[in-house]
Amino acid sequence: MAVAPLRCKCDRRGYNGTVFEQAVMVREHRMNPDRIRVIGEGAERTGPVVCWMSRDQRTVDNWALLHAQELALARQVPLAVAFCLVPAFLGATIRHYGFMLKGLREVEASLAAKGIPFFLFRGEPAEEIGRFALECGASAVVTDFDPLRIKRQWKAEVVARGICPLVEVDAHNIVPCWIASPKAEFGAYTIRPKIHRLLPRFLEPFPTLQPHPFSWPSAAPAVAWDVVLAGLSVDRSVPEVAWIEPGERAARRALDEFVAERLAAYPERRNDPAAAGQSGLSPHLHFGHLAPQRVALAVLAADVPPEARDAFLEELVVRRELSDNFCLHNPDYDRVAGVPAWARQTLDSHRDDPRPYRYSREALERGETHDPLWNGAQREMVLRGKMHGYLRMYWAKKILEWTGSPEEAMEIAIVLNDRYELDGRDPNGYAGIAWSIGGVHDRAWGERPVFGKVRYMSYGGCARKFDIEAYLRAVDRPVIPRSF
Ligand code: FAD
Ligand code: FO1
């Protein structure tokens, strides 16, 4: 469904661009203070500033790092970046750590070129970051925003130590999550106008990270990245993938390729799993190698039809920032308890419906069901680490249909999604699974067995939408470096 571009109502002397173009005309180059919030107080000190990097693992276009430097320059103190490596993060495997650590290796080198040391710690973040801040007498710790429960727990534990102020910066969303809306939004249709209205204030060019003039007292120990990766106690049964190169430089190349080659056809091809119609950017966005704001600026500058630009920005900005809104404001974002009352009620009333097909998690994981399309989507996720977006909806909905309860379905969908998807453990995933199984951000549809009024998707519906055989052939072809 093409999203009608909102005509910006601002009086811009006849400028009639869409609200996205309108926003870029705002040429403020200083950092917008609304991206920043102090989430923990602590002893006032005059020491260095520590940037605790976690979600946004990049040196370019990183509002958290830019603010940390802003503070350090104003105080004329050194600046360092710290990353705390946590083993078995939400079920992550070597597929994820391999990708992430290669990206961090590039971050360490890029920071060194700016005179900013990179410290890698391993263990519990509150312990490691707390100790580091204490030892270096930090005057502030600046960290990136992340709505996930585990991240908020980490930050609460750091704050509880009261070492120094903890400052949080939304480096992931164009419109800071807490500014976009103070509450859980019903759906894209309610958050879209709020985001569109705020874009002129936030969809702005990025300043550049400067070489830092105040040197850290001692050099950070060079990280032996290969040793770190080899020594990681992590599940190594899910192999790394070869079709995508990690790191912020590769991410930028992937963005440039998509904008130049495939953005124009996005509206027609994005929902065709047999076509390379999607951007392929989600792993880079998930690990923060690429700023969504940079993607939006590049898309807006592209010479493509407005409907291609707006269709893509609807997903990248509205849908993605709706997911952060969902995880920030819904404490049960990964549980059936978090779905809307209408959906809980309808799923409950169909709880005892017979399930003509029933599969265990193991059978589903092996892609051994009666449905060749579903099995193919599962294989794509296991082999490539990235299932096509259209099929993720079908995939999760079938898990609801073929397991014993909505709770079992949600648990299996999250476990498999986060075990195999390179972009897993992401607010987009929790929101996508809650949409598919629990009608979150969706409306009620015609009532049917098991689903009740939760939207249903069928094999026949997919067959009418795209060439299933072509998709299955593509899935089983040897892995070729293509994004989709
Ligand atoms: P493109 O179509 O090129 O979109 C570009 C970007 O827009 C994406 O990278 C993403 O940031 C955003 N976007 C696109 N579609 C959505 C959407 N439906 N919701 C939120 N943001 C969106 N996305 C993840 O990042 N991680 C996940 O673990 C994940 N799991 C999902 C599970 C289910 C059941 C569903 C229905 C969706 C899931 N999604 C997830 C959302 C979406 O499918 C992926 O973001 C998208 O397929 C990523 O591929 P792409 O970057 O090539 O997409
Ligand atoms: N963030 C960290 O701060 N430390 C980690 O060790 C870490 C591991 C990790 C592994 C897989 C993965 O998908 C994400 C991981 N993250 C880690 C978090 C990630 O950077 C994102 O912040 C969230 O997953 C998305 O919000």
Side-chain angles (χ1 to χ4, degrees), residues 52-57 82-101 103-104 120-123 125 128-129 143-151 154 172 188 232 234 244 254-255 258 262-263 266 269-271 273 276-290 292 295-296 299 311-324 326-327 377 381 385-397 399 410 413-414 416-418 420-437 440-441 457 483-484:
W52 172 18
M53 183 179 278
S54 176
R55 188 181 197 191
D56 293 281
Q57 300 170 22
F83 185 90
C84 189
L85 184 60
V86 174
F89 177 80
L90 297 181
T93 70
I94 197 67
R95 170 172 290 178
H96 308 98
Y97 282 100
F99 190 84
M100 187 176 81
L101 291 179
L104 286 171
L120 181 74
F121 299 111
R122 279 174 275 184
E128 297 303 317
I129 299 298
T143 191
D144 45 42
F145 165 74
D146 191 325
L148 295 191
R149 187 181 303 119
I150 187 170
K151 299 296 199 73
W154 291 357
H172 211 76
L232 213 51
V234 67
I244 182 172
L255 168 62
F258 169 66
R262 295 181 295 117
L263 172 61
Y266 185 76
R269 294 162 64 95
R270 74 182 182 95
N271 280 332
Q278 289 190 288
S279 66
L281 294 176
S282 60
H284 292 308
L285 294 170
H286 168 68
F287 284 101
H289 298 164
L290 185 63
V295 178
V299 164
F312 183 78
L313 292 174
E314 169 67 11
E315 301 302 321
L316 174 82
V317 183
V318 176
R319 277 281 162 197
R320 192 185 48 77
E321 303 201 358
L322 176 62
S323 299
D324 264 35
F326 174 61
C327 292
M381 180 176 73
K386 186 175 181 292
M387 186 188 296
H388 189 278
Y390 185 83
L391 284 172
R392 297 197 198 196
M393 300 184 282
Y394 179 77
W395 173 85
K397 285 178 178 293
I399 294 176
M410 190 169 272
I414 289 174
L416 295 182
N417 185 88
D418 287 359
Y420 293 107
E421 296 284 18
L422 196 48
D423 57 23
R425 273 162 304 289
D426 194 283
N428 291 342
Y430 302 117
I433 289 166
W435 178 92
S436 303
I437 293 173
V440 165
H441 301 149
M457 285 177 78
S483 303
F484 60 91

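Just so you know, ligand 1 is whichever comes first in the structure, and atom 1 is the first atom listed for that ligand.
The aromatic rings of Y266 and F258 sit perpendicular to each other, their planes meeting at more than 60°, with 30° as the lower class boundary. Taking the six-membered ring where the residue is Trp, H284 and F99 present tilted rings, their angle falling between 30° and 60°.
Using modelled atom types, no side-chain atom of R122 and backbone atom of L85 make a donor-acceptor pair closer than 3.5 Å. With hydrogens and angles ignored, the 3.5 Å screen pairs no side-chain donor or acceptor of Y430 with any backbone N or O of D324.
Remark: distances from the non-hydrogen atoms of F258 to ligand 1 are all 4.0 Å or more. In this structure, R270 falls outside the shell of residues with a heavy atom less than 4.0 angstrom from ligand 1. Residue H388 places no heavy atom under 4.0 Å from ligand 1. Heavy atoms of Y266 approach ligand 1 to within less than 4.0 angstrom.
Closest heavy-atom approach to atom 46 (C) of ligand 1 among the candidates M381, E314, Q278: Q278. With distances taken over non-hydrogen atoms, the option nearest atom 29 (C) of ligand 1 out of R392, H441, E421 is R392.
D144 meets the side chain to side chain donor-acceptor pair (under 3.5 Å) test with no other residue; sequence neighbours excluded. Shown here are the side chain to side chain donor-acceptor pair (under 3.5 Å) partners of S323, two or more places apart in sequence or in another chain: N428. Among residues two or more places apart in sequence or in another chain, the salt bridge (charged side-chain N to carboxylate O under 4.0 Å, His left out) test is passed with R149 by D334.
Under 4.0 Å from ligand 1, the heavy atoms of A396 that appear belong solely to its side chain. The residue D418 has no part lying near ligand 1, judged by heavy-atom distances below 4.0 Å. The side chain of K386, and not its backbone, has at least one atom closer than 4.0 Å to an atom of ligand 1 (non-hydrogen atoms only; side chain from C-beta on). When non-hydrogen atoms are compared, ligand 1 lies under 4.0 Å from the backbone of S282 as well as from its side chain.
Here the straight-line distance linking atom CZ of F89 with atom NZ of K151 works out to 5.0 Å at 0.5 Å rounding.
Every atom of ligand 1 is numbered from 1 in the order shown, and the set under 4.0 Å from a heavy atom of L285 is 9 (O), 11 (O). Below 4.0 Å from some heavy atom of R320 lie the following atoms of ligand 1, by number and element: 11 (O), 20 (C), 21 (N). Atoms of ligand 1 lying under 4.0 Å from at least one heavy atom of S323, given by number and element, are 20 (C). Near F312, with a cut-off below 4.0 Å to any heavy atom, the atoms of ligand 1 are 3 (O), 5 (C).
When all heavy atoms of R55 and P427 are compared, the pair lying nearest together is NH2-CG, 3.5 Å. Scanning all heavy atoms of the two residues, the minimum distance from A82 to F121 falls at CB-CE1, 3.8 Å. Scanning both residues, A276 and R269, for their nearest heavy atoms gives N-NH2, 3.9 Å.
For the side chain to side chain contact (heavy atoms under 4.5 Å, CB included) with I414, the qualifying choice from I433, L90, I437 is I433, the only one to do so.
Around ligand 2, the residues contributing at least one heavy atom under 4.0 Å from the ligand are S54, R55, Q57, F83, C84, L85, V86, F89, A92, H96, Y97, M100, D146, L148, K151, W154, H286, F287, G424, R425, P427.
Taking the six-membered ring for Trp and the full ring otherwise, the centers of H388 and Y394 sit at least 6.0 Å from each other.
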